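Okay, so here's the structure we're looking at.
All figures in this text were calculated on a predicted structure; none of them were measured in a lab. Scope of the values below: all heavy atoms of this structure, side chains included, with no hydrogens, waters or symmetry mates.
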Amino acid sequence: MPLTVPAHQTVVLPLKTRWPTRFDGVALCIGSAAPDLAYPLLGRTSHLTPGLFTWVLPFTVVSCWILRRRACGTVFACLPDAGMLRLRSYRALALGRPSLPMTAWSAFVGGASHLMLDSFTHSGRWGAHLIGFNRVWFYAPGGYMVTGARALQWFGHTVGSFIGYVMFRHIVAAGHLDRWYGADRVRWARSVTATPSERRRFWVVAVAVAVGFMVAYGRATTHLAIFVGLLACTTGLLVAGCLPSRLRVDTADRDLPALASDGSSGAHGTVGGVRE
């Protein structure tokens, strides 16, 4: 790769934080992971330019709709808050209603960033050839040789993933979610806590769907196993999140803090409201 999550998101997250009203952050993140999610199904096709239109765009647009309208409220209520990551704050994503063109554009940018990054970190591809990393060799632990592209890939596994973690933590710590959605609405989204029985049902279904997916797919080669597992886990979380539940966020809820006419949410509001 580098790791599909969170390393690939390091390229696109700055776009959302710098120009929040021009990009759909959910589509950026899903789009930047989409080529790897399709690898067990489409092989290299998902990492070629046509794959941006045949897979990344439709998959990301549909996934964004499912996540916001159905799964988001339950998924993030059942995940651990994870300390500084404050994952339960991301229930507020369900309040976002960006336009379809913005979501599609962001999905394309996310997918293109993935293809661009991989071109420099995979041996034999044009980016690695351009900078000469197909012809540079390094000693790897264990005594064998790897190309410069593969070494860069391993670098992305470690440093890129750490940077991605820091960036996701920064989004919450710096108050970006509060500015994008309204602090009152983020607090409202966090206020619902899953009960032990709700959490247990969620994880039983998520794990069952993920395992069923992997069994249905059949025995994967070692090369594909990590991609099959990634797609299976993603599918399991979305399916479990779509189950009927009081945890689902309803934007028509009477208890939902109202947006002011300028798109802000009271004294703790934000410019741009919920235009995620």
Given 3.5 Å as the limit, does a donor-acceptor pair link the side chain of Arg88 with the main chain of Asp81, or not? no
Run the side chain to side chain contact (heavy atoms under 4.5 Å, CB included) check on His176 and His170 step by step: do they pass? CA-CA 8 Å; His176 287 303; His170 173 75; 3.6 Å; yes
Grab the two heavy atoms, one from Met214 and one from Val228, that are nearest each other, plus how far apart they are. CG-CG1, 3.9 Å
Using 0.5 Å steps for rounding, measure from the CG atom of Leu95 to the CZ atom of Arg97. 7.5 Å
Say whether Leu37 and Leu41 are linked into one hydrophobic cluster, either directly or through other cluster members, by side-chain heavy-atom distances under 4.5 angstrom. yes
Might you point out which heavy atoms bring Phe168 and Pro6 nearest each other, and give the distance in Å? CE1-CB, 4.0 Å
So, does Arg199 use its side chain to make a donor-acceptor pair with the main chain of Ala194 at under 3.5 Å? yes
Could you walk me through whether Cys64 and Ile30 satisfy the side chain to side chain contact (heavy atoms under 4.5 Å, CB included) test, starting with their C-alpha distance in whole Å, then the side-chain angles of each, then the deciding distance to 0.1 Å, before giving a yes or no? CA-CA 8 Å; Cys64 286; Ile30 295 177; 4.0 Å; yes
Mind checking whether Phe59 and Trp55 have parallel, tilted or perpendicular rings, split at 30° and 60°? parallel
Whether the side chain of Trp203 engages the backbone of Glu198 through a donor-acceptor N/O pair (distance < 3.5 Å, no angle test) should be reported. no
Hey, quick one: are Leu247 and Leu67 part of the same hydrophobic cluster, counting side-chain heavy atoms closer than 4.5 Å, chains of contacts allowed? no
Within a strict 4.5 Å, meaning less than it, do heavy atoms of the Val56 and His114 side chains meet? no
If you measure from CZ on Arg69 to CG on Asp250, what distance do you get to the nearest 0.5 Å? 11.0 Å
Ring-plane angle category for Phe23 and Trp19, please: parallel below 30°, perpendicular beyond 60°, tilted otherwise. tilted
Treating Ile, Leu, Val, Met, Phe, Trp and Tyr as nodes and any side-chain heavy-atom pair under 4.5 angstrom as an edge, say whether Val192 and Val186 lie in one connected cluster. no
Is there a path of hydrophobic side-chain contacts, each under 4.5 Å between heavy atoms, that joins Val109 and Leu100? no
Taking all non-hydrogen atoms of both residues into account, name the closest pair between Ala34 and Thr60 and its distance. CB-OG1, 4.0 Å
Beyond-backbone contact of Thr74 with Arg91, side-chain heavy atoms, under 4.5 angstrom: no
Once rounded to the nearest 0.5 Å, what's the spacing between atom SG of Cys78 and atom CG of Leu87? 12.5 Å
Nearest heavy-atom approach of Phe213 to Ala232 is CD2-CB, 3.6 Å
Compare all side-chain heavy atoms of Met102 with those of Ser99 and state whether any distance is below 4.5 angstrom. yes
If hydrophobic clusters are built by linking Ile, Leu, Val, Met, Phe, Trp and Tyr wherever their side-chain heavy atoms come under 4.5 Å apart, do Leu177 and Met84 end up in the same one? no
Mind checking whether Phe202 and Leu237 have side chains closer than 4.5 Å, heavy atoms only? yes
Do Leu28 and Leu13 make a side-chain contact, defined as non-hydrogen atoms from C-beta onward lying under 4.5 Å apart? no
Ser161 (side chain) donor-acceptor with Thr158 (main chain) under 3.5 angstrom: no
Can you sort out the partners of Ser106 under side chain to side chain donor-acceptor pair (under 3.5 Å), two or more places apart, ordered by chain and number? none
Do you know the tightest heavy-atom contact between Ala112 and Leu52? N-CD2, 3.6 Å
Closest contact, heavy atoms only, His8 versus Ser32: CB-O, 3.7 Å
Test your reading of the model: is there a side-chain donor-acceptor pair from Thr235 to the backbone of Leu231, 3.5 Å cut-off? yes
Could you walk me through whether Arg70 and Trp65 pass side chain to side chain contact (heavy atoms under 4.5 Å, CB included), step by step? CA-CA 8 Å; Arg70 294 290 185 268; Trp65 188 92; 3.9 Å; yes
Relative to each other, are the rings of Phe108 and Phe53 parallel, tilted or perpendicular (30° and 60° limits)? tilted
Heavy-atom distance under 4.5 Å between the side chains of Tyr90 and Val172, does that happen here? yes
Is Lys16 salt-bridged to Asp24, going by a charged N under 4.0 Å from an acidic O? no
When rounded to the nearest 0.5 angstrom, what distance separates CZ in Phe227 from CG in Leu230? 8.0 Å
Side chain proximity check, Pro98 to Arg68, heavy atoms < 4.5 angstrom: yes
Please answer whether the main-chain N or O of Cys242 pairs with a side-chain N or O of Arg248 as donor and acceptor at a distance below 3.5 Å. yes
With side chain to side chain contact (heavy atoms under 4.5 Å, CB included) as the test, would you mind laying out the steps for Gln9 and Val5 before giving the verdict? CA-CA 7 Å; Gln9 285 69 53; Val5 179; 3.8 Å; yes
Linking directly or through intermediates, with side-chain heavy atoms under 4.5 Å: list the remaining ILVMFWY members grouped with Val209, chain and number order. Val205, Val239, Leu243
Report yes if some heavy atom in the side chain of Ser119 is under 4.5 Å from a heavy atom in the side chain of Leu115; otherwise report no. no
Test item: Thr10 side-chain N/O and Ala7 main-chain N/O as donor-acceptor pair under 3.5 Å: yes
Any donor-acceptor pair under 3.5 Å from Arg185 side chain to Pro257 backbone: yes
